[in-house]
**Q** 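Sending over a structure as structure tokens; questions will come in a sec.
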Amino acid sequence: MTTPVNASQAKTPAWEARADLVVVGSGVAGLTAALRARELGLHVLVITKAAVADGNTRWAQGGVAVVLEGEHDLGDSVAKHAEDTFTAGAGLCDEDAARSILDGGPAAVERLRRGGATFDAGTEGLARAREGGHSAFRVIHAGGDATGAEVERTLVAQAGSRRVPVLEHHIAVDALRTPAGEVAGVTVLDRDGVPGVVRASAVLLASGGFGQLYQATSNPEIATGDGLALALRAGATVADVEFVQFHPTVLYTPGARGRCPLVTEAVRGEGATLVDGAGASVMHGVHPLGDLAPRDVVSAAITRRMGLAPGGVDDHVFLDATSVPGFAKRFPTVFAACAVLGVDPAKDAIPVTPAAHFACGGVVTTVDGRSTVRGLYAAGEVARTGLHGANRLASNSLLEGLVVGHRVAEAVAADLAAGLLPDPARGRLPASAVAPAADRDALQRVMSRYAAIGRDADGLAAAGSVLDLSTQDSPLWTHAAVEDAALTVAAQALLTAAALRTESRGCHVRTDFPERDERDWRRSQLLRLSLSGQPVLAEKIPLEGVA
């Protein structure tokens with residue numbers, strides 16, 4: 001069933017602005033890019049659909065994975081960091097891209113520190129933690145388990161002091177496109193649904209992931225895949241969207257929906273162990289790294305163990321951190337969240353369960369953010385640079401945002417100087433502001449049931465059928481409508497890719513195809529929207545732009 005579409009559904013913009021670069025999102029990647037673009041003399045405008053500091057960055061607990069010169073474990077190196085990244089990525093990392101981004105890590109962290117960020121000190125230099133999948137202690141952190149909050153605080157303060165213009169509580173809806181298909185700006189809605197237009201030579205999507213596809217997630221409520229949807233509707237190619245990383249340990253609260261408090265992987269790095277409802281080890285014999293195995297391995301092991309309902313517990317396991325000294329000081333954020341539930345980690349095992357955490361795929365880009373559509377760039381979780389492959393290595397995400405965010409500003413400046421970007425005046429408004437949208441509650445329930453950690457052909461088909469039945473064309477006149485439409489196309493893309501990938505790899509686990517297929521599936525799947533608006537396989541498109 002569809003709602004009739006008429007011309008009145010494409011509302012006339014109430015205002016118009018101009019910029020060289022419009023940045024959609026105010027997390028680590030977006031603000032890093034905006035600040036560097038400002039330094040390069042570009043006219044920048046940041047658009048964020050909540051308050052400037054309300055994105056996913058501030059919830060990142062673990063830290064920044066980086067090998068700093070003179071401050072690393074004996075024998076550690078960027079090359080070893082890369083090898084750990086490739087192992088976690090399960091054969092799908094773009095190794096050249098990953099090395100390039102990791103090589104840029106030390107300089108990116110130094111820029112952040114010069115900008116005012118304070119990381120925790122150790123006995124010699126910065127304190128370093130070890131997280132799942134890492135072979136060394138190389139994760140620097142701030143405030144114990146509040147690294148993301150410190151990174152975001154620093155960037156927001158810099159943006160304020162440098163007078164970077166920010167439109168808060170505005171959501172980007174669709175791209176303006178030239179007759180040649182280039183992106184030349186975006187349409188937006190304010191919190192009251194009043195439409196506006198920002199014309200720009202370049203649009204950077206730094207809008208985060210789509211954790212709200214699922215009932216339980218570590219992501220905030222605003223993580224609804226808006227940037228992915230905008231890119232698809234603008235003709236961009238996406239890849240690896242079937243690889244959704246589930247964090248093994250969010251704090252379990254009976255009946256909880258939406259964002260659940262994260263229990264950082266660094267807790268296990270300090271010696272905590274996972275046990276089931278009967279007190280038996282969850283990870284014993286599962287992986288050589290035990291409780292510090294890569295996240296996909298741990299999440300899958302917990303899910304399997306819950307299915308057995310040991311001790312009568314079938315919806316969570318426990319993290320025993322009673323042996324971790326000074327827990328409250330080392331992990332104050334986790335400690336406070338546990339206290340709300342009446343759990344004292346010094347005495348009690350912490351109830352935990354896996355939850356949707358990070359989208360490993362996204363808009364296909366180069367390591368400096370260029371997409372397959374001229375004028376459109378992406379950085380951070382919304383982008384697929386090739387760093388993460390089939391599963392992200394812990395604490396590589398803040399690093400990627402810092403490195404690629406800086407580079408994308410330089411890429412935009414270079415592309416502008418080379419005359420490669422479109423004239424914003426040629427950007428055309430979308431003919432209508434309508435898109436298919438499913439009922440959000442139905443979507444979250446069916447994605448959690450059939451497209452989370454364990455998937456099979458029947459379940460994926462059932463999820464697709466439920467989406468089809470609950471989807472109707474919706475005018476994109478409100479923030480909620482834009483978000484629902486974004487979640488719908490993200491779900492469709494994920495289901496399409498997951499159904500086609502008949503193997504288990506990284507954080508894509510098919511119970512009907514449990515083995516990894518190195519012959520046929522050691523490759524990414526590229527998707528685009530068909531003329532009818534459905535995600536379909538795309539031919540490989542070369543990325544353009546100056547070197």
**Q** Judged by modelled atom types alone, do H357 and S218 share a side-chain donor-acceptor pair under 3.5 Å?
**A** yes
**Q** Among E221, E483, E168, find the residue that satisfies the salt bridge (charged side-chain N to carboxylate O under 4.0 Å, His left out) test when tested with K49.
**A** E483
**Q** Restricting to non-hydrogen atoms, name the atom on P261 and the atom on R259 that form the minimum distance, rounded to 0.1 Å.
**A** CA-NH1, 4.0 Å
**Q** Can a donor-acceptor pair be found, under 3.5 Å and without considering hydrogens, that links the side chain of S448 to the backbone of Q215?
**A** yes
**Q** If only side-chain N and O atoms count, and only distance matters, is there a donor-acceptor pair under 3.5 Å linking H141 with D120?
**A** yes
**Q** Donor-acceptor pair, S371 side chain versus L376 backbone, under 3.5 Å?
**A** yes
**Q** Any side-chain to backbone donor/acceptor pair from D190 onto D192? Under 3.5 Å, distance only.
**A** yes
**Q** Got a donor-acceptor contact below 3.5 angstrom from the R199 side chain to the G427 backbone?
**A** yes
**Q** Could you check whether atom CZ of R191 has more than 12 heavy atoms from other residues, nucleotides or ligands sitting under 6.0 Å from it?
**A** no
**Q** Tell me, yes or no, whether the heavy-atom count around H169 atom NE2, taken from other residues, nucleotides or ligands under 6.0 Å, exceeds 12.
**A** yes
**Q** What I'd like to find out is whether the side chain of E182 reaches to under 4.5 Å of the side chain of R177, using heavy atoms alone.
**A** no
**Q** Are any side-chain N or O atoms of R233 and backbone N or O atoms of A175, one a donor and one an acceptor, separated by less than 3.5 Å?
**A** no
**Q** Would you confirm whether T187, through its side chain, and D174, through its main-chain N or O, come within 3.5 Å as a donor-acceptor pair?
**A** yes
**Q** Do the ring centers of Y214 and F246 come within less than 6.0 Å of each other?
**A** yes
**Q** Determine whether more than 12 heavy atoms belonging to other residues, nucleotides or ligands lie under 6.0 Å from atom CD of E69.
**A** no
**Q** Tell me whether the centres of the aromatic rings in H388 and F243 are closer together than 6.0 Å.
**A** no
**Q** Please check if any side-chain donor atom of S100 sits under 3.5 Å from a side-chain acceptor atom of R407, or the reverse.
**A** yes
